[in-house]
Amino acid sequence: MTSVIALEDVWLKLGATPVLSGLSLTLEPGEVLALLGPSGAGKTTVVRLILGFIAPERGSVRLNGAVASADGRVLQLPEERNLAVVLQELALWPHLTVAGNLAFGLEARGMPRAVREARIADMTRRVGLAGKEDRRPAHLSGGERQRVAIARALVLDPQAVLFDEPLTNLDVSLKRELLALVHGLLKERGVSALYVTHEPREAVYVGDRIAVVGDGRVVQTGTLDVIRASPANEFVRRLLNDLDWSGVAAT
Amino acid sequence: MGWALTSRTQQRLLVELAVLVLLGTGFLPLVLAALELPLAGAQGLAHARAALAAPATWALLVRSLVLAASVTGLALALGVPLAALLAKTDVRGRQAAFLVHAFPMFLPPFLLALGWFHLLGRGGILGTEASSRLLFSFAGVVLVLALAFTPVVTSLVALALRGIDPSFEEAARIVAGPRRVVTRILLPLAWPAAALAALVVFALAFSELGVPMFLRVRLYPAAVFARLGGVEYAPGEAFGLAVPLLGVALGLLGFERSLAARRSFPVLGLRQRVTIPLPLGAWRGPAGGIVWVLAVLSGLPVAGLVLKASAGGFAGVPAWIGASLTNSIVSAGVAATIIAALGLVVGHGLARGRAGSRLLDAAGVLAFVTPAAVLGVGLISLWNRPATQVVYGSLAIIVIGDVARYGVVGVRTIAAAVAQGPVEHEQVAAVAGAGFARRLFRIVVPIHRRGLAGAWLLALVFCLRDLETAVLFYPPGREPLPVRIFTLEANGPESVVAALAVVQVALTATIVAAGAALLRRAQRP
């Protein structure tokens, strides 16, 4: 089966600093892949490469088998990739209401109004924002804004959703609540997703597989059990040692 | 703009339209001005060679450069400390002082010279033989222009000082007194703004026609203007004389690119941070005195105009103003709208690092720093043809001149506004499937609407205060108000001319007040 996203031997420098050094990974249909690594490992760069905001100097980014970026060139623009993203900054459009934020991408795709409104109503209900469709982001709580960002990505029914550390800086209970929401939504819709995080607990909870990134490449990929049973090196071992295993079991 | 077009096509069409406007109005006339010389024929070349070979030509050029440098030096010497006092200290009444000080920069400097004349000229309220002699001299031009342009330095440096991360200042205040914090931390951080201000003041002073002509001081740009419209007009001579001005403009552009370009435009931002003013202690009183003296000095010529106009001048306004007020408002309004639209496309590209935007910005800067006389030579050469008289004989030529000269005002203002907003809003819109035009009009425009409105108002003020560009080629009966005042000054009744100047002041004050209200709303959390 063709991978939804495939990065093949990607190399990239920012200035003189190597950021990615031969990174490869694949995201399979319906799968949630957690990209786990410490700050500065190049995780956000991977997201920007997949979205088409930057191009790899060497190597390629394929979407459903077609080359989207390769060897210094973006061949498919971000708006042509049928992806969605939830950023750490959320980037909710401040001048649009909740419904406006959700409608924007659907309008851009030329969806008829009736279908659009039905889909928005369904999604706002699903994420617990029913009745708040006419509010602007400034009039929502932190948790509600997170829900809008998640709903805005999923309402598009994209071929894959990219989450770039979306729950960083949230308190534990809100993070747990939103993780459950994200996990539930992805599984019930069968959407492929790449979930970028530096927190092992989040990666373990949300990911079907985990790809550990270090020094600009994927050090090890596998299920939690595989990685836990035989970590590829000391770096992976130390990263997973940070986990509170009883906590993981509890979630 | 059809949404069915691909994103790349939308971007290409909008950018190409902006290129067409920016290069067509400003850059192409400059190229033509440079090319006119070789195309002027043997006789034209001979005239140009004679003009350029004359030692008097170069002496005049040096005199103009010295004047511009003196004005710049004086404006920096006054403006930088004043900016520090107004932006960073607890000096009394600093907001009111800033308003009084800054307002005259939105007026044509010629109007301020006229105000000084009514105060210090031979028949002026405070005038003596000595004050009149000083006013009508090289030093007089330097002083009038320095006082007119000091607010440019004050405003840009004050904005930069207020935009500095408060943590730098707070960290310094723990270990040093206010004077050291200002001189060792804040001012060095604000130097790109001072460099940009120096460039703008030098370009404006070097380009100035109205003040030296009114005060009867012979300078180079005025000589080019005189040769263009003079009875002894010799083909090629004016073009020849324009060449050194073009050289100076390229030098200014080089300075701007090397020193100021990368770091200067964010200082024009709309956001400011709140810090506690530095306490001046025992110096608060004397510092306040200095600030208010400078503020009042800046505003004094306006008072001179009002006093003169009060002597029966306002009654004559309806008879003398003609269509000039309408011409001003219509041409400046249309030009400001084009400039804002241009600024949206190019300024957005500049803020987001789009390929080619810096080149377009450079073309805009070149048209701004080039003395209006050169731009005028090019515009006349491009549009004064039988086939284009519909443009050359109407307000359209004034609009073209304004867009050419002040296009960069829109580009830089909008670039500053966009650069201070997060790029993620646009990135998420792109990922959601929105093409370039949809992102521009549905995301960038609404989010930065106040920055856009600010750019429009600033462009409007620049176009309304323009004298240098329009005076070269205004069609008969189509002159804007500053040109009307300038042409009436020699023969019109003095009090009526002063009253017309007060009309210009009132019009500008209304627009500046609207802009100030807009900025206040933008800064409200």
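Chain letters run A, B, ... following the sequence lines, proteins first and then strands; every chain starts at 1. Atom set for the values below is all heavy atoms of this structure, side chains included, hydrogens, waters and symmetry mates excluded.
Within the model, atoms CD1 of B:Ile443 and CH2 of A:Trp93 stand 5.0 Å from one another, a figure rounded to the nearest 0.5 Å. To the nearest 0.5 Å, atom CD of residue B:Glu426 and atom CZ of residue A:Phe53 are 9.5 Å apart. With rounding to the nearest 0.5 angstrom, the CG atom of A:Leu92 is 12.0 Å from the CD atom of B:Glu424.
Using a 4.5 Å cut-off between heavy atoms, A:Arg81 does not touch chain B at all. Heavy-atom distances place both the backbone and the side chain of A:Leu83 under 4.5 Å from chain B.
Counting only distance, with no hydrogens or angles, the side chain of A:His95 and the backbone of B:Arg442 share a donor-acceptor pair below 3.5 Å.
Other residues, nucleotides and ligands place more than 12 heavy atoms under 6.0 Å from the CD atom of A:Glu188. Counting heavy-atom neighbours within 6.0 Å of A:Lys13 NZ, excluding the residue itself, gives a total of 12 or less. For A:Leu174, the CG atom counts as densely surrounded, since its 6.0 Å shell holds more than 12 non-hydrogen atoms of other residues, nucleotides or ligands.
Under the 4.5 Å side-chain criterion, counting only non-hydrogen atoms from C-beta, A:Leu77 is in contact with B:Arg8. Using a 4.5 Å heavy-atom threshold, the side chains of A:Val85 and B:Gln427 count as separate.
Smallest separation of non-hydrogen atoms from B:Ala432 and A:Ala108: O-CB, 4.3 Å.
In this structure, A:Glu79 does not pair ionically with B:Arg438, as no charged nitrogen and carboxylate oxygen lie closer than 4.0 Å.
Contact tally against chain A (heavy-atom pairs below 4.5 Å) for B:Ile447, B:Val428, B:Val431: the top residue is B:Val431.
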